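A short worksheet on the structure shown next.
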Amino acid sequence: MKLSTSPFTILTIFVLALLVSGCEEEFIPPIESEPPQIVVEGYIEGGQLSTPPYVILTRSIPFSTTISGEDLNDIFVRDAIVKVSNEEQTITLSEVCLEELPQEMRTQLIRLMGYDETTFSLNVCIYTDMSFQFLGEEGKHYDLEIYADGEVLTSSTFIPPHVPLDTLFFLPPPGKVDTSFAQMRCIISDPADLDSYYRYFTQVNREPFYAGLPSVSDDRLFNGLSFEFPLFKGEPFGEVVDETFGLFDRGDTITIKWCTMDESHYRFWNTLEFNTANQGPFSSYTRIESNINGGLGVWGGYSNSYYPTVVGY
Amino acid sequence: MKSLPFLFLLFPLLVNAQTFILQGVITDKKGGQALVGAAIFDVDQPTTGVLTDANGYFQLELEKGTYTINASYIGYNDFSQTINLSQNTALNIQLAETALKLETIDIVAKREKSTEDPQMSQITLSTEQAQKLPALLGEVDVLKTIQLLPGVVSGNEGSSGFYVRGGGPDQNLVLLDDAVVYNPGHMLGFFSVFNADVIENTQLYKGNMPAAYGGRLSSVVDIGMKKGRTDAYQIEGGIGAIASRLTAQGPIVRNKSSFLVAGRRTYAFDLAQPFIRNSAFNGTNYHFYDLNTKFFWQVSEKDQLSFSGYFGKDVLRYVSNIRGIDFFLPYGNQVASLRWNHIFNSKLSADATLLFNAYDFGFEVQQAEYQIELFSGIRDWNAKLDFDYFPNERHEIGFGVHYTFHELTPNIATATNGEVDFSNELSSQFSNEGALYVQDEWKAATWLRLQLGLRGSWFQQLGPYTSKIDGRQYEKGEPVVSYSALEPRFSSAFLLNENLSVKTAITRSNQYLHLVSNSTSTLPFDIWVPSTERIRPQRGWQYSAGVFQNFDDGFEVAVEGFYKQLDNQIDYGENYVNNVADDLENEFVFGQGTAYGVEFFLQKSQGKLTGWLGYTWSRTTRQFDDINNGNPFPAVYDRTHDLSIVANYEFNDRWDAGMVFVYGTGNAFTPVKSLYLIEQKLNWEYGTRNSARIQPYHRFDLSARFFPKGRQAEGRFNSHWSFSIYNVYSRQNPFFVYYAVDTNLENNSATATAYKVSLFPIIPSVTWNFKWGA
């Protein structure tokens, strides 16, 4: 759906493959000593499955080669005041740390965040509305205010009207890939009167939802069109890309989570993914574009729909 | 007020005295090539001598009398003839190559006109000089040789890309027989498009560009193609590690017209096809090729006509049969120039030139019914009229008018899924560019030489175009915005004695076309964009001063300092994401640049051992309101120390050897400042722009040439071997750095690693070169 395979990438990979007879080695880059910044990871979702706002507050850590479990547990910002408001009301979110919760609720929360509850051991602290009374709604703006350690952070997001997938189905993958794999095809009708921004996740069986790579797209190349496109299976970050990249295993039960979002939310993910994928001799750096005033990270509204299905053709 | 400089230039013409003109062309006796920079003078008053221009043309103005005229050129026997001058006289001179080259002067990199020329910061490099030096994979590359000169910084490891005195990669005007070559690199810039076999010489202006040149801020690389021999047929070529070359030349009508046709092509992947054919990548291939041609016709004593053409392409096809993916990626340049040179009379000559140049980049990818196509390119149609006027012996005046029509096509993307077509709906942009110039090289006094020039440049953006400022729609051909500028060019040489001079120069330049690259060199997919309402012309001032000393034993020393101020510089914003849907004009941010430095150049040009030592200390910074919080930062190609040592030694008539050592401060890069957690993964936040340096770059190369029958062997067939060792001590110079993080929350731990990648270890190569003909 997105022209993700740029000539830049192809040519670079090809010529480097042609020429590389040198090697790579680790090195210690210079470290800038700056105070850590507060990082916001907050979402509120409307659509098929509305959720209350939840916010994870952490601090950035200086670049270092190994980060221990202690380091990770220490990055959570505690005792912050986190407020979310829409056009009608303002609520203050409650701080909840996983270790303080009963087992059943802990499991639910880990699943809500997309984590695997059986292996997850980090004492994540989140700020959320435990009453589940303040749920995201399409067409509404949500403002975020955070008071933490003497700092004030603000942001705003919008949950746009949802644009669902019309349908999805599977086909044998092009080429000579083993027939135990399948390529997913989707059809969408993009509305002409909206600037739409999309993101998607895939879940295989009981694994967590993983974002596609790339997981985001705007509609500038297909505004107002109804068309078919392939959708790639999301992979855990850093997973080796092989020749079956993006394909699904026939017989698996999968769920596609399909989201629309506003532009600043899209730009965060778009720059984050480009930041990671486009390093090398022929490109400069891309700074991740945060929509948080006074900090890093993202405050994002999603409008979602879910598509569970069994892979087969 | 604006007309004053012109009056100032023309004033000396009004006071000239009645004299006679001795004029003509100096050529190579064997090949008929014009000898550029050959000296011609009366032996009794050598200081009134002149040097031949780019066409080998000279003109001496002398009073009535008898003179002993002497002509000399490096590597050629002197010419001497007594002339009784009682009227304007034509004298065409053919110089013969000296047979005993070891005993004669051999300039390695020639600083033209040396101490007496007010022109600063200019170096002429002959291809023969480049051929003596070590070459990566045996491919002689004039653009890599000029990187060894002070003030010129190389791009990435092995790249033919270069930066001059803190200027960006798009600020170099690269010309092939007067036509602009927009992307002079093959294979991501690892090799230049210039086949050394057809290059006569390469002139580099690092600043203080003559008024005849314009459109770029930093430098001019003016590459002249050989014209074919008019006296005999000749075939020469070479077989190298990755490419082979073949050149044929000879007379069409003996001593009147000639042709030259040359080709070069890589074949490394063709040789690997038997292995590729049996793999999952059957169909994958890559090659590049260059075709050069030149036709020359001496129409009459006063008229010459020449046509030059260049056509080159990189072609990559990548096939993954497993996934059914087929990539096709061709790109290349086309250049054609038609020049008519006419001598009106003893004082006036002219060149009328028609030029066409094009650069195309294409990309296609197909998988099943899905197909994506991408195209970008440039088309220039150009006409030039240049005059040389010699009113008297104290003035050499050049003036002319240039016009170019540009068509710049951005990344036009189309795609289909077999049923629906997609497009980013971008379209070509059109513009006019013109210039008028006048320049006088004035021998103001025995101790003072001046070069006074003024260039008026003009640029006009044309529709169809939709304003990025107010949304106004412009029709086809409708002017959108115009820019113009006066560009004074001034330089002076104060001759303190015969071999010592002090020179100063001030240069103003404007650049109306821009290429913003995310990399450290120009790449095939980088897009040239015109000035628009939003993108204002880049403008620059350069001030330079230097001391130049020649020594009788062939040593030459030059120390030059420069300061450069650049306005309206262009870069991508820090959050830029490459997306074919973007109109690049909306992605740019604008700022300023500063560069200053000192260059030291020591050259030995006589004897068995020749070579040079070039050292540059410089600082190059950029400042953009939208980058680095508005704080100045080092440019990515800022290189504090840059050292090159180049040497050649001729052991005997059969063997010579060359060496190159280079050292440069490590490239600037932007380090990761901190890590933070999003969606279970650590992500990184970059720190201050270009605030860190990778390790210094240094490399030592060796070469040797073996001439089995001797360098000056007679006979119809001769050959020689060239041996090169690139990176002799296999230094692992960092090519780039990258970061990787591994977040494992299940184990409650994470690692972050910085890697530096090096590219070329020691690379030996052998090339066999041959020549058949008289």
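Just the heavy atoms: all of them, side chains too, but no hydrogens, waters or symmetry mates, feed the values below. This is a predicted model, so every value here is computed, not measured. Lettering follows sequence order; numbering is per chain, from 1.
For F181(A), no part lies near chain B; criterion is any non-hydrogen pair under 4.5 Å. Residue P173(A) does not touch chain B at all, counting heavy-atom pairs closer than 4.5 Å. Proximity to chain A (any heavy atom under 4.5 Å) is shown, for N575(B), by both the backbone and the side chain. Looking at I288(A), the atoms closer than 4.5 Å to chain B (heavy atoms on both sides) sit in the backbone and in the side chain alike. Contact of V177(A) with chain B is made through backbone and side chain together, with heavy-atom distances under 4.5 Å.
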For F229(A) and Y370(B), what are the C-alpha separation, side-chain angles and deciding distance, and is it a ring pair (Phe, Tyr, Trp, His ring centres under 6.0 Å)?
-> CA-CA 9 Å; F229(A) 62 97; Y370(B) 293 91; 8.8 Å; no

May I have the step-by-step check of side-chain hydrogen bond (donor to acceptor under 3.5 Å, both in side chains) for Y285(A) and E574(B), ending in yes or no?
-> CA-CA 7 Å; Y285(A) 66 92; E574(B) 289 191 293; 2.5 Å; yes

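Checked against a 6.0 Å centroid threshold, the rings of F422(B) and F227(A) count as neighbours.
Contact between E41(A) and L677(B) at its shortest, heavy atoms only, is OE1-O, 4.0 Å.
In this structure, T286(A) OG1 and Y576(B) OH are separated by 8.5 Å, a value rounded to the nearest 0.5 Å.
Electrostatic pairing of R185(A) and E369(B) counts as a salt bridge here, judged by a charged N lying under 4.0 Å from a carboxylate O. Look at E34(A) and K673(B) and you find a salt bridge, because one of the NZ, NE, NH1 or NH2 atoms lies within 4.0 Å of a carboxylate O, short of that distance.
By the side-chain hydrogen bond (donor to acceptor under 3.5 Å, both in side chains) test, D178(A) is found to be paired with S180(A), residues two or more places apart in sequence or in another chain being considered. Residues that satisfy the salt bridge (charged side-chain N to carboxylate O under 4.0 Å, His left out) test with R323(B), not counting sequence neighbours, are absent from this structure.
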